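Just so we're clear, the structure is a prediction, and the values are computed from it rather than from any experiment. Atoms considered below: every heavy atom in the structure, side chains included; atoms not considered: hydrogens, waters and symmetry mates.
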Amino acid sequence: MACRISELVLGCHDPEVLARFWCEVLDFVVLDREGDEMVEIGPREGFGGAQPTIILSRRERPEPGKPRLHIDVNATDRDHEAELERLLALGARPADIGQSGEEPWHVLADPEANEFCLLRARIPQL
């Protein structure tokens, strides 16, 4: 049997701020919390489903070097441009990593400057 991704762990300065941001972006809910040190968010049906959960773990200092993991998201209930506007209104910011502007995605940063990409129409809209 193969493994599957069950959760993604993201070190951050303020787990509560990022939990609110990513819950809005992904329509997730808080599944677990350990004081102010960790917040686990995931799909409304809870842990163990098709989607992984995200664990936001407090780190007082940024870890050196660029993170090796970033999140890609895809709009499921609106077109790409409407989703981009929604993410920017939630607090995402455009991130310049040297893209040409011709890519089929937008590179954004969450409120703590973690980069993520908004992909274009890979998932059928509901």
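Between D110 and L10 there is a side-chain heavy-atom pair separated by less than 4.5 Å. Looking at heavy atoms from C-beta onward, R120 lies out of side-chain contact with E83 at the 4.5 angstrom threshold. With contacts defined as side-chain heavy-atom distances shorter than 4.5 Å, the pair V73/L108 does not qualify.
In this structure, the side chain of E115 does not engage the main chain of H70 through any donor-acceptor pair within 3.5 Å. Without hydrogens or angle criteria, R33 side chain to E16 main chain gives no donor-acceptor distance under 3.5 Å.
The CZ atom of R59 sits 11.5 Å away from atom CD of E112, with the distance rounded to the nearest 0.5 Å. Rounding to the nearest 0.5 angstrom, the gap separating the NE2 atom in H80 from the NE2 atom in H106 is 3.5 Å. Interatomic distance, D72 CG to L119 CG, rounded to the nearest 0.5 Å: 4.5 Å.
Minimum interatomic distance between R78 and A75 (heavy atoms only, all atoms of both residues): O-CB, 3.4 Å.
Between F116 and W22, the ring-plane angle classifies as perpendicular under the 30° and 60° cut-offs.
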Which atom pairs, donor and acceptor, lie under 3.5 Å between side-chain atoms of residues 35-47 and protein residues at least two apart or in another chain?
from : atom 1 : to  : atom 2 : distance (Å)
E40  : OE2    : T53 : OG1    : 2.6
R44  : NE     : D27 : OD1    : 3.4
R44  : NH2    : D27 : OD1    : 2.7

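Hydrophobic clustering (side-chain heavy atoms under 4.5 Å, transitive across Ile, Leu, Val, Met, Phe, Trp, Tyr) keeps I55 apart from F28. A single hydrophobic cluster is seen to contain both L8 and L118, as judged by linkage of ILVMFWY side chains at heavy-atom distances under 4.5 Å, directly or through other members. Put simply, V25 and V9 are part of two different groups of oily side chains (I, L, V, M, F, W, Y) that touch within less than 4.5 Å, one to the next.
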Practice task
Applying side chain to side chain contact (heavy atoms under 4.5 Å, CB included), run through L26 and I54 and close with a yes or a no.
Solution key: CA-CA 11 Å; L26 301 170; I54 300 173; 3.7 Å; yes
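By the side chain to side chain contact (heavy atoms under 4.5 Å, CB included) test, V17 is found to be paired with D14, R20, P111, residues two or more places apart in sequence or in another chain being considered. For A113, the side chain to side chain contact (heavy atoms under 4.5 Å, CB included) test picks out R93, with sequence neighbours left out.
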